[in-house]
Every structure is written in C-alpha cells, then in structure tokens.
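As structure tokens, the structure follows; a few thoughts come after it.
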Amino acid sequence: VGRAAASFLKTRRTTLQHMLQTARALMRGIATTAAASTDAAARGELQQSYDLMLQRTPETIDMAEFHALERRIGVGLVVLADNPTLELFMSVLYQVGLRETRLRIFEDRPDRLAVYWKFRLGLVDAILKGDAEVSEVMAERWSSHLMGWIKEDMASVEANPRAGEEEEWV
C-alpha cells in the first residue's frame, strides 16, 4: 500500500509541505479519538510505552532507542484511536515523507529532543487520562514544534543540497 501511495503522491507532485499539513490535522484527530477510547488492551499497551518513556530522559536515551520508542508510541496511538483510515494515512505519510527525507531532526540536537519529549509526554498523559480537549492542544503543540523543525531543516538541506541525491521528497 505504501509503495502505491508513494507512486500516486509522486505523480501528483506532492511536497513535504503537503504531507506536513496533513499529518498535523491527522494527529489532532488521532489524539482526540484515542483519548475517548475505552479499549482497555490498547490503553494498557500505550501505558506501557508511556512508562518506558518515563524511565528515560532526553539526556540518557540513544537515538536508536528513541526511534524505537517513538514508533511504539505512534503505533499505540493509532491502535487506540481504532480508526483504520487514520492508521493508513499516518502510515503512508511516515513511509513516503519523513522516512524518505535526509532530515535528522534530533541528531545532535538535545534542545529539540527535550522540547519534543515534554510535549510527547504531555500528549500521551492527556490521552491516557481520557482528556480529549487537552489531548488536542498537546497534539497541536507537539506537531507545531516538529513541523517547525522539519521546515527549518528542509531550508538548510535546500540551501546546501548534497551532490547526487534526489531532491524530490516522495
């Protein structure tokens, strides 16, 4: 499915900006839907991921562990939201967007990781408490920071393209 979506998006000249706008809206929907969920098993899985995050700090986690935990939390959020359409769209956006870019948003950026960590914890905490309103606000703040960093890094990549690498994002 991801490859078919990538092909479609490429033929439509989709930009990373298009994907970022979509991801931002989807995250708000995932957050509010997940907060309202009563699925005890999915809540338990997300709670375990949250507990793992609480055992780490931005200063002590390595990038491989961070990415694995982030993936686990992302999957937990869409499973808790229990909306296959949201799950598919987020999966496609991750596959053809951030995964395909040369951006390394958090590598050698402890300042960013600390801010991201704070808002990600707040988002998951609000979802686990069932607070849809706070969840939506935290999702917006979390995604706003993330999108800002991506745009900042994109500008840097565009200003200094690496020889021989493709410039398309999908």
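Bear in mind the structure is a predicted one, so any value in this text is a computation, not a measurement. Quick note: residue numbers are just sequence positions, from 1.
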> Step by step, would you call Arg72 with Leu52 a side chain to side chain contact (heavy atoms under 4.5 Å, CB included)?
Replying inline: CA-CA 10 Å; Arg72 181 177 170 169; Leu52 283 173; 3.1 Å; yes

>> Set out, in order, the CA-CA distance, both residues' side-chain angles and the distance that settles side-chain hydrogen bond (donor to acceptor under 3.5 Å, both in side chains) for Asp51 and Gln55, then state yes or no.
In response: CA-CA 6 Å; Asp51 292 344; Gln55 294 170 14; over 6 Å; no

>> Please determine whether side chain to side chain contact (heavy atoms under 4.5 Å, CB included) holds for the pair Trp117 and Thr57, giving the CA-CA distance in whole Å, both sets of side-chain angles, and the decisive distance to 0.1 Å.
In response: CA-CA 8 Å; Trp117 199 267; Thr57 67; 5.6 Å; no

> Is there a side chain to side chain contact (heavy atoms under 4.5 Å, CB included) between Leu128 and Tyr50 once you walk through the steps?
Replying inline: CA-CA 9 Å; Leu128 289 170; Tyr50 180 74; 3.8 Å; yes

> How far apart are the C-alpha atoms of Ile61 and Leu113, what are their side-chain angles, what is the distance that settles it, and do they pass the side chain to side chain contact (heavy atoms under 4.5 Å, CB included) test?
Replying inline: CA-CA 10 Å; Ile61 197 166; Leu113 188 57; 4.3 Å; yes

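Crowding of Glu133 atom CD: a count of heavy atoms from other residues, nucleotides or ligands under 6.0 Å not exceeding 12. Shown here is Asp111, whose CG atom has more than 12 heavy atoms of other residues, nucleotides or ligands within 6.0 Å.
For the atom pair CD1 (Ile30) and CG (Asp82), the distance works out to 12.0 Å, reported to the nearest 0.5 Å. Here the CZ-CZ distance, from Phe66 to Arg56, works out to 13.0 Å after rounding to the nearest 0.5 Å. To the nearest 0.5 Å, atoms CG (Leu77) and CD (Glu45) are separated by 12.5 Å.
Both Leu86 and Trp142 belong to a single network of hydrophobic side chains, linked directly or stepwise wherever heavy atoms of I, L, V, M, F, W or Y lie under 4.5 Å apart. Both Phe119 and Met53 are members of a single hydrophobic cluster when ILVMFWY side chains are connected at heavy-atom separations under 4.5 Å. Follow the hydrophobic side-chain contacts under 4.5 Å out from Leu26 and you never reach Val79; the two are in separate clusters.
At a threshold of 4.0 Å, the pair Asp131-Lys129 does not count as salt-bridged, since none of the basic side-chain nitrogens sits closer than that to a carboxylate oxygen. We find that Glu152 and Arg112 are joined by a salt bridge, their nearest charged nitrogen and carboxylate oxygen being less than 4.0 Å apart.
Considering all non-hydrogen atoms of both residues, Leu123 and Met138 come closest at CA-CB, 3.7 Å. In this structure, Arg43 and Ile127 approach most closely via the heavy-atom pair NH1-O, 3.1 Å.
Listed by chain and residue number, Arg24, Arg28 satisfy the side chain to side chain donor-acceptor pair (under 3.5 Å) test with Glu140 (two or more places apart in sequence, or in another chain).
Aromatic ring centroids of His145 and Tyr116 lie 6.0 Å or more apart.
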